[in-house]
Amino acid sequence: MTEVDFHFDPMCPFAYATSRWIRAVREHTDLTVHWRFFSLEEVNRADGKKHPWQRPWSSGWSLMRIGALLRRRDMALLDAWYAAIGRTLHVEGGKPHDPDVARRLLDEIGAGAAVLDEALADPTTHDDVRDDHNRVVAAGGFGVPTLVFPDGDHLFGPVLIDPPTGPAALRLWQVVTGFLEFPHLYELQRPKSACDQAAIADALEPYLRGRDWVSVDRGRVLSFATPTRNTENGDRA
């Protein structure tokens with residue numbers, strides 16, 4: 001396997017942990033990672049509430065619109081953008097979903113703060129994010145991380161809090177790609193003990209500190225993973 005599409009929502013701590021793992025795999029192989037989008041705000045939107053593209057600023061959706069413009073210019077810019085967002089929110093407990101912080105991060109990766117306004121002024125960036133999102137939904141997907149392989153196979157996961165590096169990262173890659181040999185193997189899940197729940201809560205502490213929204217539990221992973229409220233404009237998703 002030499003390439004994979006990695007669908008992410010920048011607000012999801014589990015997708016970010018898995019992205020760190022896939023980057024480790026990439027370091028030691030010839031794997032090409034194509035970063036693509038998925039909106040937890042949209043998939044968890046309550047009936048009658050606004051879509052994220054109907055708001056002037058909408059946490060993960062707006063950060064992905066910026067990413068869409070960067071991707072048009074160079075996938076490496078989106079690669080750097082996602083790494084910067086993820087580090088700020090999920091490691092440092094900061095707020096990349098604050099426009100001022102987002103501008104600073106754009107400067108730090110060399111893209112320039114003006115990209116934020118350019119992306120938000122371009123309505124077609126909505127289309128880029130929506131197309132990526134709908135691709136996963138059309139395949140029956142519900143969240144992130146979602147991996148899409150060249151033959152069209154989709155896998156949700158792996159869901160991690162302590163992404164392996166080095167040889168361990170490669171072993172996990174072999175496990176994940178080995179899953180593809182069994183097209184009717186749909187789920188393999190480890191029950192979470194009280195100790196597991198405590199470890200997950202500890203790993204997600206920076207994210208919980210940095211977020212500005214309430215989360216919901218769809219019974220898939222954990223309640224922390226899905227942003228559903230944007231407090232910056234006082235509106236619910």
Side-chain angles (χ1 to χ4, degrees), residues 1-45 60 64 79 82 86 90 129-201 203-204 207 215-227:
M1 196 69 62
T2 59
E3 60 184 290
V4 65
D5 289 355
F6 189 110
H7 286 259
F8 70 93
D9 183 310
M11 303 290 95
C12 179
F14 298 105
Y16 175 65
T18 304
S19 78
R20 289 169 56 197
W21 161 70
I22 206 74
R23 290 173 188 273
V25 173
R26 185 177 62 181
E27 287 177 9
H28 298 286
T29 65
D30 59 352
L31 181 67
T32 297
V33 179
H34 306 289
W35 301 107
R36 302 190 66 166
F37 309 115
F38 183 86
S39 175
L40 293 170
E41 293 169 281
E42 174 61 15
V43 80
N44 290 301
R45 182 182 62 88
M64 288 187 284
D79 188 295
Y82 183 27
H90 303 299
V129 178
R130 195 160 36 226
D131 287 349
D132 280 5
H133 175 86
N134 288 341
R135 179 198 195 196
V136 174
V137 172
F142 54 82
V144 287
T146 291
L147 307 180
V148 183
F149 296 89
D151 63 359
D153 272 336
H154 289 58
L155 292 179
F156 173 70
V159 178
L160 305 166
I161 60 170
D162 51 354
T165 59
L170 298 180
R171 288 199 301 276
L172 180 56
W173 178 243
Q174 292 166 355
V175 170
V176 170
T177 54
F179 204 97
L180 300 174
E181 297 178 28
F182 305 94
H184 295 144
L185 173 58
Y186 299 109
E187 290 192 22
L188 180 67
Q189 191 174 71
R190 187 193 308 272
K192 299 176 184 69
S193 68
C195 289
D196 292 323
Q197 296 283 5
I200 292 167
L204 270 58
Y207 159 75
S215 299
V216 298
D217 185 358
R218 296 298 190 195
R220 296 293 189 174
V221 185
L222 289 171
S223 59
F224 324 128
T226 21

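Excluded from the calculations below are hydrogen atoms, water molecules and symmetry mates; all remaining heavy atoms, backbone and side chain alike, are included.
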Side chains of [X] and [Y]: does their closest heavy-atom pair fall under 4.5 Å?
| X | Y | answer |
| --- | --- | --- |
| Val148 | His7 | yes |
| Met1 | Pro150 | yes |
| Arg36 | Arg135 | yes |
| Phe6 | Val144 | no |
| Leu31 | Thr2 | no |
| Val136 | Phe156 | no |
| Pro13 | Tyr16 | no |

Q | NZ/NE/NH1/NH2 to OD/OE distance under 4.0 Å, Asp196 and Arg190 | A | no
Under 3.5 Å donor-acceptor pairs involving side-chain atoms of residues 172-185, not counting sequence neighbours:
from	atom 1	to	atom 2	distance (Å)
Thr177	OG1	Trp173	O	2.8
Thr177	OG1	Gln174	O	3.4

Least distance between heavy atoms, [X] atom then [Y] atom:
| X | Y | value |
| --- | --- | --- |
| Ala17 | Pro163 | O-CB, 3.3 Å |
| Val25 | Thr29 | O-OG1, 2.9 Å |
| Gln189 | Pro191 | O-CD, 3.7 Å |
| Pro164 | Ala24 | O-CB, 4.0 Å |
| Glu41 | Gly60 | OE1-N, 3.3 Å |

Q: Would you check if the side chain of Glu3 reaches a backbone N or O of His34 as a donor-acceptor pair within less than 3.5 Å?
A: no
Q.
Assess the residue pair Met11 and Leu40 against the criterion (side chain to side chain contact (heavy atoms under 4.5 Å, CB included)); give the C-alpha distance rounded to whole Å, side-chain angles, the decisive distance to 0.1 Å, and a yes or no.
A. CA-CA 8 Å; Met11 303 290 95; Leu40 293 170; 5.8 Å; no
Q) Partners of Arg26 by salt bridge (Lys or Arg N to Asp or Glu O under 4.0 Å), sequence neighbours excluded? A) Asp79
Q: With sequence neighbours left out, write down each residue that passes salt bridge (Lys or Arg N to Asp or Glu O under 4.0 Å) with Arg20, or none if nothing qualifies.
A: none
**Q.** NE2 on His90 to CD1 on Ile161, rounded to 0.5 Å
**A.** 14.0 Å
Q) How long is the gap from CG on Asp153 to CG on Leu147, to the nearest 0.5 Å? A) 11.0 Å
Q: Over 60° means perpendicular and under 30° means parallel, so classify the ring planes of Trp35 and Tyr82, tilted if in between.
A: perpendicular
Q) How about Phe8 and Phe37: are their ring centres within less than 6.0 Å of each other? A) yes
Q: Show the numbers, then the answer: is there a side chain to side chain contact (heavy atoms under 4.5 Å, CB included) between Glu42 and Val129?
A: CA-CA 11 Å; Glu42 174 61 15; Val129 178; over 6 Å; no
